[in-house]
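Notes follow the structure.
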Number of protein chains: 2
Amino acid sequence: MRLMSVVRKGAPRRAPRLSGGVDFAEPSRAIPTDRILIGDCVEQLASLPPHSVDMVFADPPYNLQLQGELKRPDDSRVDAVDDAWDQFESFEAYDAFTRAWLLAVKRVMKPNATIWVIGSYHNIFRVGALMQDLGFWILNDVVWRKSNPMPNFRGRRFTNAHETMIWAARDPGAKGYQFNYEALKGGNEDVQVRSDWLLPICTGGERLKDAQGRKLHPTQKPEALLARVMLSASKPGDVVLDPFLGSGTSAAVAKRLRRHFVGVERDETYAAAAAARIDAIEPLPEAALVAPPSAREAPRVAFSALVDSGLVTPGLELTDAKGHVRAVVRADGTIALVNAATLAVGSIHRMGALAQGAEACNGWTFWHVEQEGRRHPIDVLRARLRAEMGIRSEE
Amino acid sequence: MRLMSVVRKGAPRRAPRLSGGVDFAEPSRAIPTDRILIGDCVEQLASLPPHSVDMVFADPPYNLQLQGELKRPDDSRVDAVDDAWDQFESFEAYDAFTRAWLLAVKRVMKPNATIWVIGSYHNIFRVGALMQDLGFWILNDVVWRKSNPMPNFRGRRFTNAHETMIWAARDPGAKGYQFNYEALKGGNEDVQVRSDWLLPICTGGERLKDAQGRKLHPTQKPEALLARVMLSASKPGDVVLDPFLGSGTSAAVAKRLRRHFVGVERDETYAAAAAARIDAIEPLPEAALVAPPSAREAPRVAFSALVDSGLVTPGLELTDAKGHVRAVVRADGTIALVNAATLAVGSIHRMGALAQGAEACNGWTFWHVEQEGRRHPIDVLRARLRAEMGIRSEE
DNA sequence: AAACCGCTTGAATCCAAAC
DNA sequence: CGTTTGGATTCAAGCGGTT
């Protein structure tokens, strides 16, 4: 965590620095990381050196074009996203805005960097077409399926239950981009991760509130979503840029996963709240993040889903039934053996087999967690998650 | 199935007619249905009367043929916008093609018709943006999640496990489009249907094969997908247009679901195979397709009709569900609040709203009558009157 | 203590017939 | 055409208070 330590040196618990432009205390042409730049993203990005970020996550305005107000069947009013920053005069105006920030972002991307952009049907088609026009090379579109979306109250459309993320390389033919295929697969029951992800929206304690207890930001994204993005397409020490930082979810997750962040935010209230939020984050132990594994195996249902759900926390210790063998849960859903002579990282099944010297192992029954002084197989956590998710949600 | 019978009259088991243009045997300006038009879809659609189809399903080609040009070595220029030039030319050609067929399709859509377009990340963003540019009004984007997608063999991306459908109305502000909300909900555990659908890809016996046993068409869609589309947004007797018929899935499903189809296909081999396929389809029994009575479409019954019919007597007391609020029925079909400080008289809805301090209220469910010691919403009386009226009207 | 109930809320392009 | 009025319409979670 070289660059992270620069900012935190001598002030380990202070908030990230807020800056209106380039920080000249930084080495010339080195990108100032782990801070929030306040201002218009196109202007702010122009002050950064070219080819300096490894990954971009962008959550631009969606241009919702809402008409009147909407009420629930119980006559309560839906708190719509009617903020000024989401208003555009026309598709042309939105396109010009989009083109400008995409170009500004592209300049600061390293040749092998990739970009993620999230949106809904209101804007994602325009964004995707412009990305193609500007020479980005789409690698996947990834669907975020919301486990608890807002329903369609009037019964006139399908429940708008997903958002779309476009994952793209900077240039056509890019081959050296970061994609942690084996780690993702190892955390997904050794099955390739698909282009549709099921995750809940951001509610409860994770949702930032203002002094009056109202939601601070209308469109705060869940940390689990950003964690999947960064665990997929970046590595510890990378610089992650977010040109529309908002409530700071991407920066908070970057810090937790030991990536560096550069955030741009126009609204000072949002920026200040994000800074405080980021400051409170404690990075995960490095052991929970290092070294992608190389694995191959069989069965179903993802251990990483337990991590996403919060039932299992990265860093949690797993043991066998008798407590002799120990392992640590990693953020991507793989586990690392603790007492191994060499670093051993992989799926719960493969690591279980390795620990026993067996060819195969059912990690769900081999590994245990200690709760209230008693050891339970992690299979009970899986059963709990299945129960929570219900029959409909993940067919 | 009026129009269907025109084609099948005198030749009940023959294949749909193949035609190069307008069939002059049809009544002038009536759209020729249940046949395949062979040729370029823009040209063929120009021969059809305007405002003549109820729903469109389009699975356009997206072979951009860009691979060769785009795989040249990555150069080191700082600004890669120039790189996009060649591909912009190619994208432009695709855009021109897309714009042309979308306009041709729009002309033949009825004002309340809707269109579905399916695609992948290669083309769907361009198609969606152009649809917005041409004035279509997006209602939903619907994700087809493939339960058995093709794996990603090289491990450099996520498994491409979905395709995207855009569902749009012909014009902004369209409200009268067909959407079978209640039927869909009824078939989905009484929960409204979401924008992500899980369905297997087309394999096995459903997949058309050529004489050599190879798959006839590279992108044959599963009939289950088309069935969900048509069951969602059309009704029996509707005319469904498919400008890129291919192997004929949409027409086959339309016939089975007792919709009429108009298919356009440029490739004669595909058209012939589709014709044979469609010919073998047996429409489902009408009883399997009739729409269940929906509350939204039920004939309106005024509260005064209950008074007129004698089901409700002037002077009868109404209360809310808990018996706190009381009102009295007046002879003209209005009601009067009993405990109001000032005299309050009006419709069951207005008085219900007033009693609650709400802006709106469904008086049919708010107000109750006491019968045999139990409270029933007055909606049950309305249902009884509707039943009696239904019996009378059929006599 | 665990279960249960009621209330709140989330990126939303969310009515239709009659007058 | 605009305006008024009837009356149809919601799912999953989290949280707090009660049983």
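Quantities reported herein were computed from a predicted structural model and do not represent experimental measurements. Residue numbers begin at 1 in each chain, while the letters A, B, ... track the order of the sequences.
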Give the residues of residues 300-312 of chain B touching DNA chain D, defined as any heavy atom closer than 4.0 Å, sorted by residue number. B/R300, B/V301
Would you measure the distance from the C1' atom in C/dA16 across to the matching atom in D/dT9 and give it in whole Å? 13 Å
With a cut-off of 3.5 Å and sequence neighbours excluded, list every side-chain donor-acceptor pair involving residues 242-253 of chain A.
residue, atom, partner, partner atom, Å
A/D242, OD1, A/F244, N, 2.9
A/D242, OD2, A/S250, OG, 2.6
A/T249, OG1, A/K221, O, 3.2
A/T249, OG1, A/R277, NH1, 3.1
A/T249, OG1, A/R277, NH2, 3.4

Is the shortest side-chain N/O distance from B/R382 to OP1 or OP2 of D/dA8 below 4.0 Å? yes
What residues, two or more places apart in sequence or in another chain, satisfy ring pair (Phe, Tyr, Trp, His ring centres under 6.0 Å) together with B/H368? none
Lys/Arg N to Asp/Glu carboxylate O, B/D320 vs B/R326, below 4.0 Å: no
5' priority, DNA chain D, between B/D379 and A/P151 [closest heavy atom]: B/D379
Go ahead and write out DNA chain C as dot-bracket, 5' to 3': ( ) for pairs within the strand, [ ] for ones crossing earlier pairs, | when the partner sits on another strand, dots for unpaired; Watson-Crick or G-U wobble, both distances under 3.5 Å. .|||||||||....|||||
Select base, sugar-phosphate, or nothing to describe what B/N362 touches, counting heavy atoms under 4.0 Å on all strands. base
Which of the following nucleotides, D/dG6, D/dT10, D/dA13, is nearest to the side chain of A/S147? D/dA13
Any residue meeting side-chain hydrogen bond (donor to acceptor under 3.5 Å, both in side chains) with A/T98, in chain and number order, not counting sequence neighbours: none
Checking D/dA13, D/dG7, D/dT10 against the side chain of B/A360 (C-beta onward), the nearest is D/dG7
Taking 5' to 3' order, which nucleotide of DNA chain C is first and which is last to have an atom within less than 4.0 Å of a heavy atom in chain B? C/dT13 to C/dA17
